[in-house]
S.K.: 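The structure under discussion is supplied below as structure tokens; questions concerning it will follow.
Start at 1 and go down the list; that is how both ligands and their atoms are numbered.
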Amino acid sequence: MMKPFMSIAGLILDYPTQPHEKTARVTPTRDVFTVAHMGVPQMNAENWSLEIGGLVDTPRTLDFAALKALPKRVIESVHKCAGDPLDATLPTRQVTNVQWAGADLRDVLARAGVRDSARYVWASGADHGVLGDGGHTVAIAEYQKDIPLTRIAEGNVLIAYEMNGEALGVAHGYPARLIVPGYYGTNSVKWLTRLELAEARAASVFTTFFYNDPAPMNGDPEARRPVWRLAAESLITAPAAQAVLRVGIAVEIWGWAWSGGELRGVDISSDGGMNWSAALLEDADASRRHAWRRFSYSWTPANPGNYEFVSRAADGDGAQPMNGARNAVHRVGITVR
Ligand SMILES: Nc1nc2c(c(=O)[nH]1)N[C@H]1C(S)=C(S)[C@@H](COP(=O)(O)O)O[C@H]1N2
Ligand SMILES: [Mo]
């Protein structure tokens, strides 16, 4: 298939909001970050098409009208950038909660007939280019990711064409992109043009090199693990960093928590992590199970001084690490007078 546009414009990283600005439950589109590794390809819905091939009974090509004719699913889900593609130790706090609409990939694949031997979907975007590193060319690549079929079978993996009730913006993947709720943003391939069912993982630079964490295993110190499921994380929205509070006046410490697994709870510390108390965490809502959840904790300062609020979420894999991890705890320093 011909690529509609060839771009080597380079990395676009637009992180428009700080934690204290993330007050809306559904993030307004203008506040959603943009990440594009190889520029933004110019595409239009009229001549867009999606190829579905590999281990399927009936390879097919879906055009935009056919995509829109499929049952429309609307879901709210956490949209979180994993951050540095080569460093799992840096938290970025770049997270939003977005309402997406599109067709469920599970339905699309069922129509193509997935062969028993298939284990992964390889998804490619229209963007591609030269990836460099300090003046050296690392690879000439397309943006390709692979998603385990087990995740797709859980449902709600979308071929999305709407974001917050409107057509996807050009930078957000227009006319159609993958959305993999419960996985890091890197997996949600924008400007989607090809899906391939395969038995093994894809060998692309974005599936084997970038967005892979060190995961030393017995006998293989170099082993790496793809950045798929969202680790438990939380973000303090209020008070803002450097806020000045008053002795004796209660404040609500509140924010958002999420996990690609099962969120267990959120703890709050006001002394940098020495002592912890359980925050109130809003109930999980079955219809919004990939969305973030609000937590809150009422705190009344007794004495003047400097304090450090810390929020720590936990899921079935345990609590957020204190530091040195993509999902390390969020800390907010404030002053009481
Ligand atoms: N085709 C393509 N899809 C992509 C990317 C990209 O560079 N090209 N970047 C990924 C990364 S790292 C993230 S965090 C999200 C960002 O989506 P957004 O820009 O709509 O917020 O898209 C993902 N999908
Ligand atoms: Mo990202």
S.K.: Quick check: His37 and ligand 1, any N/O pair under 3.5 Å apart?
M.R.: yes
S.K.: Any Lys/Arg nitrogen of Glu142 or Arg194 sitting under 4.0 Å from an Asp/Glu carboxylate oxygen of the other?
M.R.: yes
S.K.: As an exercise, identify every atom of ligand 1 less than 4.0 angstrom from a heavy atom of His172.
M.R.: 18 (P), 19 (O), 20 (O), 21 (O)
S.K.: Applying ring-ring contact (aromatic ring centres under 6.0 Å, His included), run through Trp191 and Tyr143 and close with a yes or a no.
M.R.: CA-CA 10 Å; Trp191 313 293; Tyr143 195 84; 8.3 Å; no
S.K.: What atoms of ligand 1 come within less than 4.0 Å of a heavy atom belonging to Asp127?
M.R.: 1 (N), 2 (C), 6 (C), 7 (O), 8 (N)
S.K.: Is Met163 near ligand 1, meaning one of its heavy atoms is under 4.0 Å from it?
M.R.: no
S.K.: Which of the atoms in ligand 1, numbered in the order shown and given with their element, are less than 4.0 Å from a heavy-atom of Trp191?
M.R.: 1 (N), 2 (C), 8 (N)
S.K.: Is the closest basic N to carboxylate O distance between Arg93 and Glu21 below 4.0 Å?
M.R.: no
S.K.: Sequence neighbours excluded and cut-off under 3.5 Å, please list the side-chain donor-acceptor pairs for residues 60-70, or say none.
M.R.:
| from | atom 1 | to | atom 2 | distance (Å) |
| --- | --- | --- | --- | --- |
| Arg60 | NH2 | Arg111 | O | 3.3 |
| Asp63 | OD1 | Ala65 | N | 3.3 |
| Asp63 | OD1 | Ala66 | N | 2.9 |

S.K.: So for Arg177, does at least one of its heavy atoms come nearer than 4.0 angstrom to any atom of ligand 1?
M.R.: yes
S.K.: Between ligand 1 and Tyr184, can you find any atom pair, the residue atom being a heavy atom, that is separated by under 4.0 Å?
M.R.: no
S.K.: Side chains of residues 248-255: which donor-acceptor pairs under 3.5 Å do they make with residues two or more places apart or in other chains?
M.R.:
| from | atom 1 | to | atom 2 | distance (Å) |
| --- | --- | --- | --- | --- |
| Glu252 | OE1 | Arg294 | NH2 | 3.3 |
| Glu252 | OE2 | Arg294 | NH1 | 3.3 |

S.K.: Using a strict 4.0 Å threshold on nitrogen-to-oxygen distance, state whether Arg177 and Glu162 make a salt bridge.
M.R.: no
S.K.: Testing the 3.5 Å rule here: is there a donor-acceptor pair between the side chains of Thr96 and Thr27?
M.R.: no
S.K.: Compute the shortest N/O to N/O distance between Val32 and ligand 1 and return yes if it is under 3.5 Å, no if not.
M.R.: no
S.K.: Taking heavy atoms and a distance under 4.0 Å, where does Phe33 meet ligand 1: side chain, backbone, both or neither?
M.R.: both
S.K.: Step through it carefully: locate the ring centre of His79, locate the ring centre of Phe33, and say whether they are under 6.0 Å apart.
M.R.: yes
S.K.: Answer yes or no: does an N/O atom from Thr34 fall short of 3.5 Å to an N/O atom of ligand 1?
M.R.: no
S.K.: Between Asp267 and Arg312, does at least one N-O distance fall below 4.0 Å, as a salt bridge requires?
M.R.: yes
S.K.: Got the closest protein heavy atom to atom 3 (N) of ligand 1, with its distance?
M.R.: Lys190 N, 2.9 Å
S.K.: Without hydrogens or angle criteria, can the side chains of Tyr297 and Ser269 be said to hold a donor-acceptor pair below 3.5 Å?
M.R.: no
S.K.: Checking contacts here: is it the side chain or the backbone of His79 that comes within 4.0 Å of ligand 1, counting heavy atoms only? Could be both or neither.
M.R.: side chain
S.K.: At a 4.0 Å threshold, what atoms of ligand 1 neighbour a non-hydrogen atom of Cys81?
M.R.: 14 (S)
S.K.: When you measure from the heavy atoms of Ser188 to every atom of ligand 1, does any distance fall below 4.0 Å?
M.R.: yes
S.K.: Which is closest to atom 4 (C) of ligand 1 by heavy-atom distance: Phe206, Tyr143, Tyr15?
M.R.: Tyr143
S.K.: For the residue pair Ser259 / Glu233, report whether a side-chain donor-acceptor contact shorter than 3.5 Å exists.
M.R.: no
S.K.: For ligand 1, which atoms have a heavy atom of Ala36 less than 4.0 angstrom away?
M.R.: 7 (O)
S.K.: Which atoms from ligand 1 have a heavy atom of Tyr211 less than 4.0 Å away?
M.R.: 12 (S)
S.K.: To which protein heavy atom is atom 23 (C) of ligand 1 closest, and what is the distance rounded to 0.1 Å?
M.R.: Gly185 O, 3.2 Å
S.K.: Between Ile12, Val189, Val227, Thr186, which one has a non-hydrogen atom sitting closest to atom 11 (C) of ligand 1?
M.R.: Thr186
S.K.: What I want to check is whether the side chains of Thr207 and Asp146 have a donor and an acceptor closer together than 3.5 Å.
M.R.: no
